[in-house]
Each structure stands twice: as structure tokens, then as C-alpha cells.
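Heads up: the structure comes next, in C-alpha cells.
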Amino acid sequence: EAAVTQSPRNKVAVTGGKVTLSCNQTNNHNNMYWYRQDTGHGLRLIHYSYGAGSTEKGDIPDGYKASRPSQENFSLILELATPSQTSVYFCASGDQGRGERLFFGHGTKLSVL
Amino acid sequence: GQQVQQSPASLVLQEGENAELQCNFSSTATRLQWFYQRPGGSLVSLLSNPSGTKHTGRLTSTTVTKERRGSLHISSSQITDSGTYLCAMVGTGSKLSFGKGAKLTVSP
């Protein structure tokens with residue numbers, strides 16, 4: 001079974017601080033995604049990547065950066081965290097060649113105080 | 001942007017009853033995918049369906065991309081089916097856009 005690992009599982013940050021959420025996949029998938037999930041909004045796409053060195057803006061990229069240094073790793077960076085970024089963040093990987101079935105990590109619960 | 005609407009938002013069934021979940025989307029999609037989210041958070045891919053009907057176990061997915069709609073049928077529901085079911089459309093550039101989910105509660 002494909003594996004996507006997120007770290008940390010829980011994070012408390014202060015307003016204005018820098019936060020980095022990490023994601024590692026052992027599936028050798030080309031595509032990776034960062035979503036946030038909030039009550040009333042469902043899952044919203046922040047950034048995604050087609051492979052090492054590529055990042056693309058999703059539907060709600062403002063306030064976030066992404067980095068894909070390798071096939072396995074995809075990070076989400078909040079340079080100046082704000083309370084509105086308090087959410088649960090999910091990373092996913094997928095391989096378009098297999099019908100883009102996505103595999104999700106367990107999520108990171110971020111609280112910005 | 002791409003929009004996905006799911007209905008109903010919540011559904012309560014007794015064990016053994018069937019569930020029908022609907023998904024409508026606002027723009028061109030190459031496929032629909034259905035996910036299950038366990039209470040507590042992690043998501044599991046159930047079915048990926050570009051068009052027509054697909055079956056796996058007690059699940060049947062029907063996608064009519066030209067009409068921008070799809071559905072997920074769960075037959076003979078079980079208590080362990082309780083959770084949230086999310087529909088996602090795959091649009092341009094392999095981006096998935098999700099609906100807000102349908103919360104299913106199955107009682108004994």
C-alpha cells in the first residue's frame with residue numbers, strides 16, 4: 001500500500017512565525033498536493049507539484065509557499081503565519097498514469113495563536 | 001474556479017439500507033473520484049471513474065461527464081460505513097477539486 005507521511009501531526013505556532021509542514025511519499029508518484037480542510041469549505045487546494053523542482057499554485061495559494069526538492073518530498077511553508085491559517089492540512093500523492101488515484105497522509109493540525 | 005456540489009450534506013440510515021450520494025460539478029471534468037474520510041481525519045480513495053458505471057464491493061459509481069454529474073451508491077450499508085464521503089472532480093492539469101462532503105451515519 002502506498003505511503004504518505006506528514007510531519008508534524010500537530011503544531012502550535014505564533015502569529016508572524018514561520019511554519020514548515022513536511023510531506024514524504026514512498027510511492028514514486030510524480031504528482032503531490034497540499035490541501036487544507038476547514039468546516040464549511042471542504043478540501044481546498046493550496047499548491048501542487050508535477051515532479052521535483054516544480055510547484056504550481058492551487059486555488060488558495062496566498063500566504064503559502066511550496067517546495068519540491070525531490071520526488072519524495074514536498075513542503076508547505078508559511079512564512080508569516082496568521083490565525084486564519086489555523087486548519088488541518090493534508091498532503092497527497094498521485095500518479096496520473098494510474099488514473100490519478102490519490103493517497104493521503106494523516107493530516108497536520110495547525111493552530112496559529 | 002471549479003466547483004463541486006454534493007447532496008445530501010448528511011444522511012442517516014439504518015443498517016442494511018442503501019445510500020445514494022450525488023455530485024454535480026460546474027466545469028469540464030476528466031473523471032470523478034470518491035473518497036471516504038474516517039472520523040478522525042484520514043482520507044481513503046474509493047473509486048476513480050471517468051465515465052459510465054464502476055463497481056467495487058458494495059459500492060457503485062456512476063459518472064456522466066457530459067451532464068456534469070455523478071453518484072455513489074452504497075448497498076446494504078453497515079455501521080462501519082459511517083463517515084464522510086467526498087466527491088472530487090479531476091479537471092485541467094490533473095487538479096482535483098473537492099465537494100464539501102456527505103456525512104453518512106448508519107445506525108443498528
Legend entry - Shared hydrophobic cluster for A:F103 and A:W34 (ILVMFWY, side-chain gaps under 4.5 Å): no
Inset, instruction - Kindly give the heavy-atom pair with the smallest separation between A:L110 and A:A13, and that separation in Å. - result: CD1-CB, 4.3 Å
Legend entry - Result of checking B:T65, B:T63, B:L32 against B:M89 for side chain to side chain contact (heavy atoms under 4.5 Å, CB included): B:L32
Legend entry - Toward chain B: residues of residues 37-46 of chain A with heavy atoms under 4.5 Å: A:Q37, A:G40, A:H41, A:G42, A:L43, A:L45
Legend entry - Per-residue contact mode, B:Q37 against chain A (heavy atom under 4.5 angstrom): side chain
Legend entry - Which atoms of B:L86 approach chain A - backbone, side chain, both or neither, heavy atom under 4.5 Å: side chain
Inset, instruction - Mind telling me whether A:F104 and A:Y35 have parallel, tilted or perpendicular rings, with 30° and 60° as the class edges? - result: tilted
Inset, instruction - Verify the cluster assignment for A:V88 and A:I60: are they in a single hydrophobic cluster under the rule of side-chain heavy atoms below 4.5 Å apart? - result: no
Donor-acceptor contacts under 3.5 Å from residues 76-85 of chain A side chains, at least two apart:
residue: A:T82; atom: OG1; partner: A:S84; partner atom: OG; Å: 2.9
residue: A:Q85; atom: OE1; partner: A:T82; partner atom: N; Å: 3.0
residue: A:Q85; atom: NE2; partner: A:G63; partner atom: O; Å: 3.1

Legend entry - Closest non-hydrogen atom pair between B:P108 and B:I79, with its separation: CG-CD1, 3.9 Å
